[in-house]
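Each chain gets a letter, A, B and so on, in the order its sequence line appears, and its residues count up from 1. Every heavy atom of this structure was used, including side-chain atoms; hydrogens, water molecules and symmetry mates were not.
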There are 2 protein chains.
Amino acid sequence: MEIDNFIEFKSSPQIREKLAEYGISKSFKEGDIILKENSYINSIPIVKSGSIRVMRTDEDGREILLYYIKSGESCIMSFLGGIHNDTSKVKAIAEEESEILFIPIEKVSLLIKEYPEWLDYIFRLYHKRFEELLEVVNAVAFKKMDERLLNFIKKKCELTMSHNLYVTHEQLAKELGTVRVVVSRLLKQMEFEGHVKLGRNKITLL
Amino acid sequence: MEIDNFIEFKSSPQIREKLAEYGISKSFKEGDIILKENSYINSIPIVKSGSIRVMRTDEDGREILLYYIKSGESCIMSFLGGIHNDTSKVKAIAEEESEILFIPIEKVSLLIKEYPEWLDYIFRLYHKRFEELLEVVNAVAFKKMDERLLNFIKKKCELTMSHNLYVTHEQLAKELGTVRVVVSRLLKQMEFEGHVKLGRNKITLL
DNA sequence: TACCTTATGTGACTTTGGTCACCTTTTAGC
DNA sequence: GCTAAAAGGTGACCAAAGTCACATAAGGTA
């Protein structure tokens, strides 16, 4: 059995109240950049609705998807970075329209001391992120592009509970850390082999 | 500036005492396997002396180095896994002769509640490991083998404060997630370019 | 010294994936 | 309907790295 894939912050009414008191809520549109690399962090985000994708960027502009932050989750990198007064090593982008609550770092430390559930929440998140990162390492180090691409499509489809995925090849390429031509080529091959059906802005999993 | 590269567990005498009381100390020789993939975790290791290398293994036997656990540090993966009653996703091997203190998971949770410094220690470690994992992702996703190899050799040399590295090409290949032939080839090229000097079981950085 | 074992060197070849160039298709907006 | 922008298709080519096969070399030891 897998560890719970969905980590919800089952907060007591007290914490909710505190969070609402300490935090500032902001809205983001799809594609909005929430956090840039190398920027200082002084608050941690909790995703109230929507989802965020966290990318690692290379010096020469190439990117790769690390993981998604879904509704109810927080960005653990921010948390660590914030606590140790470090800069962000990743970029966070709104995957869809999202509502995010920002909690100042000092308040976070405070909450940890006061509410043990909060600490548990953070440990769970860490654990999840760590495993996701290991999966990325695994994929990049040992898997071929076609397998990674197919896995990625499957995962995305599972997430939206649909057989249709609405993305461009360019987007897929970015998230997998490669280029459009490669994705197009592999997708065509996959279509030929009967794994998918292609359309403009659309991939149907068979 | 970088965040402190050396994370020491500056424990109060009280914690040291508790640790000695709760923990079991074991010795490992170079190459001993401390933790296998998929094994259940019921205690977390603290490295008293020596160092451990943590590897990720693929289903078909290929491996890649994730990071080292040095003296004074703990294995954060174990900690998370242990707390959530999960199995290990990584393999840990003694890099040299090492002395390790194993603390049962229940006691760890207890210590966290009692001693805030301990929590801080854990957060620091997490942060460090996270950044190291990001570096691995970066390297594997975007760097070419020759660059990775040279970086790896440099890092190893820094660690031992020497210009000589005593490893076989086979070992290097394992840690970088490739095969011996590739390493030999690249090393020869690097020797030709004057970056290193090669010997049997020995690489000298110039 | 003779004989293994382990480590390394290397040529030949293949696969994967990145690069370039240019074409075709689709769609939104006028 | 016309047109530009965006998305996708494709051939040609190249470099990196994995695979295979076999040749050497360096040390250890009976």
**Q.** Residues forming a side chain to side chain donor-acceptor pair (under 3.5 Å) with Ser27(B), sequence neighbours excluded
**A.** Glu99(B)
**Q.** Pairs flagged by salt bridge (charged side-chain N to carboxylate O under 4.0 Å, His left out) wherever residues 179-202 of chain A is involved - sequence neighbours left out
**A.** Lys188(A)-Glu191(A)
Q: Check every nucleotide of DNA chain D for an atom under 4.0 Å from a heavy-atom of chain A, then give the first and the last such nucleotide from 5' to 3'.
A: dA6(D) to dA12(D)
Q | Interface residues of residues 143-151 of chain A with DNA chain C (non-hydrogen, below 4.0 angstrom) | A | Lys144(A), Met145(A)
Q: For Lys91(B), enumerate each residue passing the side chain to side chain donor-acceptor pair (under 3.5 Å) test, keeping only those at least two apart in sequence or located in another chain.
A: Glu63(B)
Q: Can you label the angle between the Tyr126(A) ring and the Phe123(B) ring as parallel, tilted or perpendicular, going by 30° and 60°?
A: tilted
List the atom pairs, with distances to 0.1 Å, where a side-chain N or O of residues 165-179 of chain B and a protein N or O form a donor-acceptor pair under 3.5 Å, not counting sequence neighbours.
residue   : atom : partner   : partner atom : Å
Thr168(B) : OG1  : Glu170(B) : N            : 3.4
Thr168(B) : OG1  : Gln171(B) : N            : 3.1
Thr168(B) : OG1  : Gln171(B) : OE1          : 3.3
His169(B) : ND1  : Ser184(B) : OG           : 2.9
Gln171(B) : OE1  : Thr168(B) : N            : 3.1
Glu175(B) : OE1  : Tyr68(B)  : OH           : 2.9

Q | For Glu96(B), side chain to side chain contact (heavy atoms under 4.5 Å, CB included) partners two or more places apart | A | Ser51(B), Ser98(B)
Q: Applying side chain to side chain donor-acceptor pair (under 3.5 Å), name anything that partners Arg53(A), two or more places apart in sequence or on another chain.
A: Glu95(A)
Q: Just grab all the salt bridge (charged side-chain N to carboxylate O under 4.0 Å, His left out) pairs involving residues 19-38 of chain B, residues at least two apart or on different chains.
A: none
Q.
Base contacts versus sugar-phosphate-only contacts with protein, heavy atoms under 4.0 Å: please encode nucleotides 6-13 of chain C as B, S and - from 5' to 3'.
A. BSBBB-B-
Q. Partners of Glu17(A) by side chain to side chain donor-acceptor pair (under 3.5 Å), sequence neighbours excluded?
A. none
Q.
Checking Glu158(A) now: which residues fulfil salt bridge (charged side-chain N to carboxylate O under 4.0 Å, His left out) with it, not counting sequence neighbours?
A. none
